[in-house]
Protein chains: 2
Amino acid sequence: MNSEFIIAVHSLVFLTYIPGQMATSETIAENVCTHPARIRKVMSCLRKNGFVKTKEGIGGGYILDCNPDEVTLGQVYRAVSCGTLKPGWCSGDSEQACMISSNIKHVMDEVFLDAETQLETYLNGHTVSSILQRIKHCKE
Amino acid sequence: MNSEFIIAVHSLVFLTYIPGQMATSETIAENVCTHPARIRKVMSCLRKNGFVKTKEGIGGGYILDCNPDEVTLGQVYRAVSCGTLKPGWCSGDSEQACMISSNIKHVMDEVFLDAETQLETYLNGHTVSSILQRIKHCKE
DNA sequence: TTAACTGTATAGAATAAAATTACAGTAACC
DNA sequence: GGTTACTGTAATTTTATTCTATACAGTTAA
């Protein structure tokens with residue numbers, strides 16, 4: 001799992017928290033605790049998927065362009081972090097004579113692909129709004 | 001997600017494939033494509049969880065000590081890779097005044113904890129034997 | 001007692017991730 | 001029309017993580 005997913009969710013929750021207001025990459029970066037350029041990269045992706053609107057130039061920044069009651073974390077995951085559940089490192093070697101070594105990669109790929117679908121289904125049970133609500137109900 | 005999970009699954013499938021036989025860390029490492037010391041580390045964990053028996057000294061190695069029809073990938077995940085779904089990097093800063101920044105970490109922790117439970121449930125739908133069967137049915 | 005193994009720690013190398021820098025493009029404002 | 005404040009994106013540097021490799025103590029069979 002990719003940490004850009006966390007950045008995307010945090011940014012969307014933050015923008016939901018300040019409805020109708022633009023936030024610059026610097027403002028968001030400060031809240032998220034990362035570098036503005038990293039925020040811009042993630043936000044650029046969110047814009048391409050229709051979650052936010054961006055405005056360049058002076059007075060510009062990012063503003064929510066979706067219904068946070070309807071946008072699920074599953075949609076955000078798919079937009080930003082699709083395919084990152086499977087570890088980068090993989091076992092086996094397709095050149096080996098042993099059936100296990102040469103075929104396990106393919107089978108595990110399928111397992112992880114299904115696992116990711118399953119994960120997305122779970123994440124669809126959470127919306128940007130519901131995350132914001134839970135944050136609001138955190139005790140001090 | 002941790003690549004030690006993949007190593008554990010591969011090793012268990014391999015041991016299931018050669019029933020009653022001991023395999024050294026070197027043999028398994030060659031099949032998995034990693035270093036024997038890494039295999040020993042993972043196998044040590046599998047032993048502590050009752051999946052394999054190990055034998056030190058000459059003629060030693062690893063042998064299956066569970067029913068591969070019953071051992072699920074969920075159990076293996078829990079034993080070897082528990083807690084590795086959540087990315088290492090996390091957003092927010094508990095010292096900040098902003099509610100979002102200071103509380104999101106806690107909420108996302110819960111989301112990932114539940115997601116992991118969900119993932120384990122999915123992985124419980126696969127056994128070591130079922131993975132071996134799927135490998136056997138790979139063409140070529 | 002020696003040889004072949006595991007168990008475990010640690011050091012080193014490779015890789016991936018994050019931060020930073022840089023700069024072109026864009027829009028508001030004077 | 002020039003300046004300022006922003007995004008978009010790529011390249012570079014730094015940092016962290018992961019994987020490999022080495023080392024050696026402990027164990028067991030011959």
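Naming: A, B, ... by sequence-line order, numbering from 1 per chain.
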>> Rounding to an integer number of Å, can you tell me how far H35(B) NE2 sits from dA9(C) P?
In response: 17 Å

> Expressed in angstrom and rounded to an integer, what is the separation of N2(A) atom CG from dA17(C) atom C1'?
Replying inline: 10 Å

>> Could you tell me how far apart E26(B) (CD) and dA4(C) (C1') are, to the nearest whole angstrom?
In response: 11 Å

> Closer than 4.0 Å, any side-chain N/O of S3(B) to the OP1 or OP2 of dC19(D)?
Replying inline: yes

> Looking at S44(A), does any N or O in its side chain come under 4.0 Å of the phosphate oxygens OP1/OP2 on dT9(D)?
Replying inline: yes

>> Without decimals, in angstroms, what is the distance between I6(A) CD1 and dA18(C) C1'?
In response: 14 Å

>> Could you tell me how far apart W89(A) (CH2) and dA17(C) (P) are, to the nearest whole angstrom?
In response: 16 Å

>> Expressed as a whole number of angstroms, how long is the span from L46(A):CG to dG8(D):C1'?
In response: 14 Å

> Quick one: is R40(B) getting a side-chain N or O under 4.0 Å of the dG7(C) phosphate, OP1 or OP2?
Replying inline: no

> For the pair made of CZ in R47(B) and C1' in dT8(C), what is the distance, rounded to whole Å?
Replying inline: 11 Å

> Hey, are E116(A) and K86(A) close enough for a salt bridge, meaning a charged N less than 4.0 Å from a carboxylate O?
Replying inline: no

> Distance from R78(B) atom CZ to T117(B) atom OG1, nearest 0.5 Å?
Replying inline: 8.5 Å

>> Ignoring hydrogens, what is the shortest heavy-atom contact between L132(B) and Y17(B)? Give both atom names and the distance.
In response: CD1-CD1, 4.1 Å

>> Strictly below 4.0 Å: does S25(B) bring a side-chain N or O up to OP1 or OP2 of dC5(C)?
In response: no

> Pick the nucleotide of DNA chain D nearest each of C33(B) and G88(B); which residue has the one closer to the 5' end?
Replying inline: G88(B)

> Taking all atoms of both residues into account, what is the closest heavy-atom pair of G74(B) and N124(B), and its distance?
Replying inline: CA-OD1, 3.2 Å

> So, is T24(B) near the phosphate of dA4(C), with a side-chain N or O under 4.0 Å from OP1 or OP2?
Replying inline: no

> Rounded to whole angstrom units, what separation is found between the CZ atom of R38(B) and the P atom of dT18(D)?
Replying inline: 10 Å

>> Please list, in numerical order, the residues of residues 48-60 of chain A that have a heavy atom closer than 4.0 Å to any atom of DNA chain D.
In response: K48(A), T54(A), K55(A), E56(A), G57(A), I58(A), G60(A)

> For the atom pair CG (N31(B)) and CD1 (I104(A)), what is the distance rounded to the nearest 0.5 Å?
Replying inline: 8.0 Å

> Would a hydrophobic clustering, with Ile, Leu, Val, Met, Phe, Trp and Tyr connected at side-chain separations under 4.5 Å, put V13(B) with W89(A)?
Replying inline: yes

>> Checking D69(A) against S129(A): is there a side-chain donor and acceptor pair closer than 3.5 Å?
In response: yes

